[in-house]
Engineer: 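First the structure, which I've put down as structure tokens, then a few questions once you've had a look.
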2 protein chains.
Amino acid sequence: MGQGETLAKKKGSGDENSSGRPQNIQELAQIAGVSAATVSRSLAGTGKIAPATRERIRKLADELGFRPSTMARNLRTGRTGTIGVIVPLGHEKTQHISDPFFMTLLAHIADRLADRGYDLLLSRVVPHDPEWLSRQVDSGRVDGMIIIGQSNQSDVINSVARYYRPMVVWGAELPGQLYCSVGSDNRLGGRIATEHLLSLGCRRLAFFGDASVPEVEQRLSGFRDALREASDGAVGATLPVHFVPERAVEEISGFLDLAENLDGIFATSDSIGMMAIQALIERGRSVPGEVKVIGFDDLDIARRVLPPLSSIKQDLEAGADALVDLLFRKIAGEAVDSVQLEPTLAARGSTLSD
Amino acid sequence: MGQGETLAKKKGSGDENSSGRPQNIQELAQIAGVSAATVSRSLAGTGKIAPATRERIRKLADELGFRPSTMARNLRTGRTGTIGVIVPLGHEKTQHISDPFFMTLLAHIADRLADRGYDLLLSRVVPHDPEWLSRQVDSGRVDGMIIIGQSNQSDVINSVARYYRPMVVWGAELPGQLYCSVGSDNRLGGRIATEHLLSLGCRRLAFFGDASVPEVEQRLSGFRDALREASDGAVGATLPVHFVPERAVEEISGFLDLAENLDGIFATSDSIGMMAIQALIERGRSVPGEVKVIGFDDLDIARRVLPPLSSIKQDLEAGADALVDLLFRKIAGEAVDSVQLEPTLAARGSTLSD
DNA sequence: TGCGATTCTGCAATCGATTGCGATCGAGCT
DNA sequence: AGCTCGATCGCAATCGATTGCAGAATCGCA
């Protein structure tokens with residue numbers, strides 16, 4: 001008999017079950033006077049079951065508050081009904097998920113998955129070893145995987161993509177990637193932002209962002225493209241601002257003290273843009289009068305600060321939509337392509353004098 | 001033989017396994033020339049196993065990229081290594097998880113759980129039926145449950161708390177609750193905010209917030225307490241602003257057009273506070289000159305808008321800490337009490353003239 | 001009344017890892 | 001050499017639900 005009797009629940013005392021709450025399908029079957037198979041089929045609505053029996057079982061289960069173990073079902077069927085979402089924080093060991101960009105995208109993904117009746121298993125990992133992804137993938141707890149941001153882990157993702165299909169990635173589209181990704185056309189976004197500043201008369205620009213992150217690197221390319229094409233004496237500097245707020249503030253302040261006749265800033269995130277504005281105003285330089293500032297992402301907060309922050313809009317809701325849609329099509333076995341979203345300009349008070 | 005052969009993975013072709021990647025502990029055992037039991041014990045490090053054997057198995061598993069099925073383990077051991085986090089959105093059917101408050105708290109919780117090696121299963125539910133909670137709890141997929149905000153679902157939570165122990169709730173401490181909760185002293189927070197406005201000379205106040213949410217109701221009590229005690233002719237109105245941004249903006253605008261000589265606003269969240277400021281400025285009323293505004297929560301964004309928003313700080317990091325700590329102590333069988341965090345005043349530019 | 005055609009149900013194998021208990025084997029001791 | 005003892009390892013039951021196949025019950029029609 002039971003060797004595993006030291007394990008598991010045993011919510012009830014010893015006898016049967018104090019509360020009368022059946023712990024498994026077997027007990028419910030016994031109470032109903034049928035076999036476990038019949039209970040299973042009744043509850044799941046599969047197979048041929050007499051309608052009367054099915055209703056009886058269902059009502060009984062309902063009254064007794066019985067719910068079959070999801071895990072046992074998962075083990076048997078091989079499907080879990082949950083999608084893993086993972087945020088590799090490779091480039092900033094101390095960055096938290098609390099970053100507003102992650103949070104926003106994550107929330108939209110959660111909403112989309114909820115629409116489809118799937119749950120979301122969230123893992124925040126700092127990839128100190130190359131196993132971080134395969135560990136999750138092979139754990140067998142998820143039907144698919146969404147990765148938010150390649151960070152500097154494109155290699156690892158590629159190696160897993162070689163054998164694991166149901167996986168999509170938010171981020172830059174990199175040459176030679178084996179996985180399918182969803183992200184903005186960062187280079188175009190960078191160009192639009194820069195051209196916006198140039199068209200407003202800015203000639204001494206700065207790019208704020210850490211180019212070791214693929215997305216940022218692409219935005220920087222756009223920045224450089226636009227500057228090159230302007231060819232009217234406009235110049236641009238680059239300041240590798242980190243994503244961690246504390247360090248960023250420091251870096252920005254130091255830079256602004258030196259760069260005295262700057263007249264335009266392209267920040268690679270709204271957070272950085274807002275920090276830049278604050279630092280400028282603390283130094284008595286007006287925005288957008290003396291310096292114009294544009295951010296990237298166009299999160300909700302961009303609209304709600306004063307002056308409202310101009311930004312390059314990434315439609316994260318559409319992005320989440322695309323990620324989830326692609327993932328489910330992959331799960332269904334379809335072959336799908338990466339998606340690039342078109343970034344758009346949202347010009348506001350931080351660049352427009354009004 | 002296999003009746004379930006239509007199910008499950010079968011990553012390999014038909015024969016054995018093309019890639020040589022063992023799919024289960026059995027195959028690995030065969031390759032290693034030992035029994036499944038030995039493999040299990042080697043990998044888990046349990047039981048008495050010859051050190052040589054254990055190392056050999058481990059190395060082999062590593063080389064072959066084998067990882068045991070988490071689900072099978074879970075089924076057998078009855079533990080899952082994941083904590084469920086659930087956000088009941090009872091009072092605002094259309095509100096999304098994307099609310100910055102939820103996301104901030106969620107992120108901190110995720111970080112704390114990650115520290116302990118636990119994963120986080122996120123469910124966003126709109127409680128249209130009273131089963132929303134028990135469905136999650138009884139699914140057997142989690143070792144514990146964190147609920148963010150009772151909303152108007154205190155009854156449901158109570159009824160589940162009667163039989164399910166490992167569960168903690170973020171939110172107001174309500175009389176007669178059977179579960180253990182973590183939250184700010186909202187009444188005190190409301191009082192502090194109001195006294196702050198009063199001390200700055202405000203006499204015609206308004207409270208912005210939907211008092212049908214328990215937390216908000218308590219803040220409103222604090223607001224009223226302070227007003228009553230002031231007893232110097234200060235008056236206060238209440239505007240039930242919803243949490244959904246679109247509706248809130250509309251409601252606030254309409255109110256401000258009528259309430260012309262308002263001089264102080266206590267908003268029950270930072271988002272609402274920011275919307276109030278924006279609406280005021282659009283109407284040419286200066287902040288903090290003519291009207292002073294204070295929010296609640298003190299999220300990151302409060303500090304980063306202009307003028308910086310004064311707020312009542314809820315230490316969400318400490319809150320997440322407490323939630324997770326309490327939960328694990330409950331799981332361990334300890335009896336624990338609810339925790340109330342002390343809210344503090346963060347006075348900034350939206351109330352201080354500087 | 002009789003026999004095949006349907007419907008329902010039940011049996012038992014199965015998913016993959018864990019673990020109590022017993023079997024095995026070699027070492028150490030008399 | 002024979003025997004005891006302990007360290008390892010394997011057998012097989014188990015967690016709980018699912019499902020192919022077969023047996024039982026019911027029905028229809030001649």
Side-chain angles (χ1 to χ4, degrees), chain A residues 1-11 17 21-30 32-57 61 66-81 138-141 143, chain B residues 1-11 17 21-30 32-57 61 66-81 138-141 143:
Chain A
M1 52 163 308
Q3 299 153 319
E5 58 184 330
T6 52
L7 299 169
K9 342 226 166 169
K10 260 214 301 195
K11 291 183 199 170
N17 209 311
R21 237 180 127 93
Q23 298 304 313
N24 57 37
I25 216 172
Q26 205 69 244
E27 288 182 24
L28 206 254
Q30 197 150 22
V34 296
S35 77
T38 303
V39 174
S40 172
R41 285 190 267 251
S42 298
L43 264 32
T46 59
K48 310 247 62 172
I49 289 287
T53 317
R54 177 181 24 217
E55 275 322 302
R56 191 168 58 86
I57 307 276
F66 171 77
R67 233 173 300 273
S69 151
T70 312
M71 256 174 350
R73 185 213 318 281
N74 292 350
L75 176 59
R76 179 61 223 248
T77 62
R79 302 185 348 94
T80 68
D138 297 334
S139 74
R141 279 188 306 178
D143 291 341
Chain B
M1 58 160 312
Q3 299 152 318
E5 59 184 329
T6 52
L7 300 168
K9 341 222 169 173
K10 261 213 302 197
K11 288 184 201 170
N17 209 310
R21 234 180 129 92
Q23 297 305 311
N24 55 39
I25 216 173
Q26 205 70 244
E27 288 181 25
L28 205 254
Q30 197 151 21
V34 295
S35 77
T38 303
V39 174
S40 173
R41 285 190 268 252
S42 298
L43 264 34
T46 59
K48 311 245 66 177
I49 290 286
T53 318
R54 179 181 23 220
E55 275 322 303
R56 191 168 59 85
I57 307 278
F66 171 77
R67 230 172 303 272
S69 152
T70 310
M71 256 174 348
R73 187 215 316 281
N74 291 349
L75 177 60
R76 179 64 224 245
T77 60
R79 301 186 350 93
T80 68
D138 298 333
S139 73
R141 280 186 305 178
D143 291 343

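Every chain is numbered from 1 and lettered A, B, ... according to where its sequence line falls, protein lines coming before strand lines. Everything numeric in this text was worked out from a predicted model, so none of it was measured.
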Engineer: Is there a donor-acceptor contact under 3.5 Å linking the side chains of B:Asn74 and B:Thr80?
Structural biologist: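 Not at all, the side chains of B:Asn74 and B:Thr80 share no donor-acceptor pair under 3.5 Å.
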Engineer: Rounded at 0.5 Å granularity, tell me how far OG1 in A:Thr53 sits from CD in A:Glu55.
Structural biologist: 10.0 Å
Engineer: As an exercise, state the distance from CG of A:Leu43 to CZ of A:Arg41, rounded to the nearest 0.5 Å.
Structural biologist: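 Here the rounded value is 12.5 Å.
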Engineer: Grab the CZ-P distance between A:Arg79 and D:dT19 for me, whole Å please.
Structural biologist: 11 Å
Engineer: Rounded to whole angstrom units, what separation is found between the NZ atom of A:Lys48 and the C1' atom of D:dT19?
Structural biologist: 16 Å
Engineer: Please report the interatomic distance OG(A:Ser69) to CG(B:Leu75), rounded to the nearest 0.5 Å.
Structural biologist: 6.0 Å
Engineer: Closest-nucleotide mapping onto DNA chain D: is A:Ala37 or B:Pro51 further toward the 5' terminus? I mean the 5' end.
Structural biologist: B:Pro51
Engineer: Starting at CE of B:Met71, measure out to CZ of A:Arg76 and round the result to the nearest 0.5 Å.
Structural biologist: 12.5 Å
Engineer: Answer with yes or no whether A:Arg76 presents, from its side chain, a donor or acceptor under 3.5 Å of a partner atom in the base of C:dG16.
Structural biologist: no
Engineer: Nearest-nucleotide wise, let me know which of A:Ile49 and B:Thr70 is further upstream toward the 5' end of DNA chain C.
Structural biologist: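 Upstream on the strand: A:Ile49.
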Engineer: Please tell me if B:Thr77 has a side-chain N or O lying less than 4.0 Å from either OP1 or OP2 of C:dT18.
Structural biologist: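 No, B:Thr77 has no side-chain N/O under 4.0 Å of OP1/OP2 on C:dT18.
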Engineer: Just the rounded figure in Å: distance from P of D:dC15 to CD of A:Glu27.
Structural biologist: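 It works out to 10 Å between those atoms.
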Engineer: Please report the distance, rounded to the nearest Å, between CZ in A:Phe66 and C1' in D:dA17.
Structural biologist: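 So the CZ-C1' distance, A:Phe66 to D:dA17, works out to 9 Å.
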Engineer: Report yes if a side-chain nitrogen or oxygen of A:Thr53 is closer than 4.0 Å to either non-bridging phosphate oxygen (OP1 or OP2) of C:dC8; otherwise report no.
Structural biologist: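 Result: no.
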Engineer: Strictly below 4.0 Å: does B:Ser40 bring a side-chain N or O up to OP1 or OP2 of C:dT18?
Structural biologist: yes
Engineer: Reckon B:Val39 touches a base, only the sugar-phosphate, or nothing at all at heavy-atom distances under 4.0 Å?
Structural biologist: nothing
Engineer: The side chain of B:Asn24 lies closest to which of these nucleotides: C:dT18, C:dA17, D:dG16?
Structural biologist: C:dA17
Engineer: Rounding to a whole Å, what distance do you find between B:Arg67:CZ and C:dA17:C1'?
Structural biologist: 16 Å
Engineer: Rounded to the nearest Å, what distance is computed from the CD1 atom of residue A:Ile25 to the P atom of nucleotide D:dT19?
Structural biologist: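 Distance, rounded to whole Å: 11 Å.
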Engineer: Taking for each residue the nucleotide of DNA chain D with the nearest heavy atom, is it B:Leu75 or B:Arg41 whose nucleotide lies nearer the 5' end?
Structural biologist: B:Arg41
Engineer: Rounded to the nearest angstrom, tell me the gap between atom CZ in A:Arg56 and atom P in C:dC8.
Structural biologist: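 A:Arg56 atom CZ is separated from C:dC8 atom P by 14 Å.
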Engineer: Expressed as a whole number of angstroms, how long is the span from B:Arg73:CZ to C:dC15:P?
Structural biologist: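 It is 19 Å, rounded to the nearest whole Å.
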Engineer: Does A:Ser69 make a side-chain N or O approach to OP1 or OP2 of D:dG16 shorter than 4.0 Å?
Structural biologist: no
